[in-house]
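Accompanying notes for the structure given below.
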Amino acid sequence: LIPLRILLLDGTAPVFDLPAKSTGRAILETVFDHLDLVEADYFGLQYAADYSGSIYWLDPDKIISKQVKNPSSILFRFAVKFYIPDPGQLHDDFTKYIFALQIKRDLSVGLLPCGESTAALMASFIVQAAIGDYNDNLHSYIYLAHFKFIPEQTEEFLKRVVEYHKEHVGQSSEDADYNLLDIARRLEMYGLRLHPVQDYDGVLLHVAINHSGIIVFQLHQRINHFNWAKIRKLTFKKRYFVVKLHAETSGYYKNRVLFLMSSRNACKQFWKDCVEHHAFFRLTRSLPQRKRNVFAKGSSFRYSGRTQKEVVELVREMDLHQSNQTAPVESRSLPRQEGREFLEGGSLYRGGEEERFNGVGSTGSYQSHPV
């Protein structure tokens, strides 16, 4: 057995012992069972496996020891992988709660930049969910001293949080979580992780992925958005990441956009993230894994989990099954006290188009072919 340490969103890091040849899916399912997650497909495990500090997602279909050298020495981080555009679509309150913990972390480490007033409002919902209503006899801004809301929080900021907190009297923890998520989803950087690149002319840019496509930033300003419907094919070769656009939507870019990334590994990881995001949010059904052809060149990677639509259908079927039980079924309640203490301490295609992968040499591609 190998001990694997998983950093949860509360900062605790339980250890799980798994057989040496376990796949990524085995540890993922162990963590999901540990947390009793219903809508588990939105989450994944991250790790930093090289000197550059680059972050990778653990591949569910590969043996862990083939992805990470000496995995027992690595700290895996449990995190939201697919940021749903409207968290209100999440069915289970406990899933919303864990999403809220992710937003809390993103805000505290500077991954969700916003104005101070917006940050203070979000912080006030975090406080309401954690400790309940403001009480004049118990609270001054000092009661917030142990909270870390933003990277550099001042006394004035905390006082503003207190003023917002006073307005939330009577609001339940579930409602506070929802309000936090509702604000977060409207922010430009919600769910985005910036990757440094250079364009064809050597200009420094950043690219990021979300549910809608690939977004390009220059000096922290959004300058372009390639939504999935515009993209015909995604490829990478060595450090070059290429977006091929449908001719009728390419405009200025003339069907092809090229980005130079920091390394081949960074380029391949970004390509894989694109493949997974497109599949999760755009497809109605997940596709079965193809058997690896030992004579084939290029990457054979494809997303193997459920799509968002399949997750929604699965939860609906579970609810229907429970409602049809003849014997009373105990409802799954959100463990607000015990649970909070525990958790807080490539081819692109639409409709009838088929996904195919091909490549030459050290390349990967993701493209669409009508059927």
Exercise for the section: Would you check if the side chain of Asp201 reaches a backbone N or O of Val203 as a donor-acceptor pair within less than 3.5 Å? Expected result: no

Problem - Salt-bridge criterion met for Glu163 and Arg160 (N-O under 4.0 Å) - result: no

Practice task
Might you point out which heavy atoms bring Phe241 and Cys274 nearest each other, and give the distance in Å?
Solution key: CZ-SG, 3.9 Å

Problem - Distance-only side-chain donor-acceptor flag, Thr235 / Tyr240, under 3.5 Å - result: no

Practice task
Would you give the length of the straight line joining atom CG of Asn210 to atom CE of Met189, rounded to the nearest 0.5 angstrom?
Solution key: 10.0 Å

Fill in the blank from the handout: Residues at least two apart in sequence or cross-chain that pass side chain to side chain contact (heavy atoms under 4.5 Å, CB included) with Pro85, listed by chain then number, are His211, Phe281

Practice task
Apply the test side chain to side chain contact (heavy atoms under 4.5 Å, CB included) to residues Tyr143 and Val127: give CA-CA distance (whole Å), side-chain angles for both, the deciding distance (0.1 Å), then the verdict.
Solution key: CA-CA 10 Å; Tyr143 77 102; Val127 176; 3.9 Å; yes

Practice task
Specify the closest pair of heavy atoms between Tyr178 and Gly88, including all atoms of both residues, with the distance to one decimal.
Solution key: CE1-CA, 3.7 Å

Handout entry: Step-by-step side chain to side chain contact (heavy atoms under 4.5 Å, CB included) determination, Gln128 to Val169
Key = CA-CA 8 Å; Gln128 181 70 21; Val169 173; over 6 Å; no

Exercise for the section: Indicate, with yes or no, if the rings of Phe99 and Phe43 have centres closer together than 6.0 Å. Expected result: yes

Problem - Atom pair NZ (Lys230) and NE2 (His225), whose distance is rounded to the nearest 0.5 Å - result: 8.0 Å

Handout entry: Side-chain heavy-atom pair Val38, Phe94 within 4.5 angstrom cut-off
Key = no

Exercise for the section: Could you tell me whether the side chain of Ser54 reaches within less than 4.5 Å of the side chain of Gln269, counting heavy atoms only? Expected result: no

Practice task
Verify whether one side chain among Asp175 and Ser173 offers a donor that lies under 3.5 Å from an acceptor in the other.
Solution key: no

Exercise for the section: Salt-bridge test for Glu155 and Lys159: reply yes if a basic N is under 4.0 Å from a carboxylate O, no otherwise. Expected result: yes

Handout entry: Any Val197 side-chain heavy atom under 4.5 Å of Asp199 side chain
Key = no

Practice task
Please indicate whether Lys166 has more than 12 foreign heavy atoms, meaning atoms of other residues, nucleotides or ligands, lying under 6.0 Å from its NZ.
Solution key: yes

Problem - Ionic contact status for Asp106 with Arg193, cut-off 4.0 Å - result: yes

Exercise for the section: Apply ring-ring contact (aromatic ring centres under 6.0 Å, His included) to the pair Phe280 and Tyr42, showing each step before the final yes or no. Expected result: CA-CA 9 Å; Phe280 183 79; Tyr42 294 103; 5.4 Å; yes

Problem - Electrostatic pair Arg306-Glu313, nearest N-O below 4.0 angstrom - result: no

Practice task
Tell me, with the steps shown, if Lys96 and Glu174 meet side chain to side chain contact (heavy atoms under 4.5 Å, CB included).
Solution key: CA-CA 8 Å; Lys96 295 175 186 176; Glu174 291 85 353; over 6 Å; no

Fill in the blank from the handout: dist Ile103:CD1 -> Leu180:CG (nearest 0.5 Å) comes out at 6.5 Å

Problem - Residues which pass salt bridge (Lys or Arg N to Asp or Glu O under 4.0 Å) with Lys148, listed by chain and number, not counting sequence neighbours - result: none

Problem - Residue of the set Asp41, Asp61, Asp59 for which salt bridge (Lys or Arg N to Asp or Glu O under 4.0 Å) holds with Arg25 - result: Asp61

Problem - Interatomic spacing from CD in Glu188 to CD in Gln221 - rounded to 0.5 Å - result: 7.0 Å

Practice task
Answer whether the closest heavy-atom distance between the side chains of Gln67 and Ile74 falls below 4.5 Å.
Solution key: no

Handout entry: Interatomic distance, Ile64 atom CD1 to Lys21 atom NZ [nearest 0.5 angstrom]
Key = 13.5 Å

Problem - Test item: Ser212 side-chain N/O and Asn227 main-chain N/O as donor-acceptor pair under 3.5 Å - result: no

Exercise for the section: Can you sort out the partners of Val109 under side chain to side chain contact (heavy atoms under 4.5 Å, CB included), two or more places apart, ordered by chain and number? Expected result: Arg105, Leu111

Problem - Check: His168 ring centre within less than 6.0 Å of Phe125 ring centre - result: yes

Problem - Close side-chain approach of Leu107 to Cys114, heavy-atom, < 4.5 Å - result: yes

Practice task
Supply the atom-to-atom distance Leu258 CG to Lys244 NZ, rounded to the nearest 0.5 angstrom.
Solution key: 10.5 Å

Handout entry: Pairwise side-chain contact, Tyr303 with His278, heavy-atom cut-off 4.5 Å (strictly under)
Key = no

Problem - Side-chain donor/acceptor of Glu39 to backbone N/O of Thr95, under 3.5 Å - result: no

Practice task
Can you establish whether the number of heavy atoms outside Phe157 located under 6.0 Å from its atom CZ is more than 12?
Solution key: yes

Practice task
Return the orientation label for the Phe149 and Phe147 ring planes: parallel under 30°, perpendicular over 60°, tilted otherwise.
Solution key: parallel

Practice task
Spell out, as yes or no, whether a donor-acceptor pair under 3.5 Å connects the side chain of His165 to the backbone of Val161.
Solution key: no

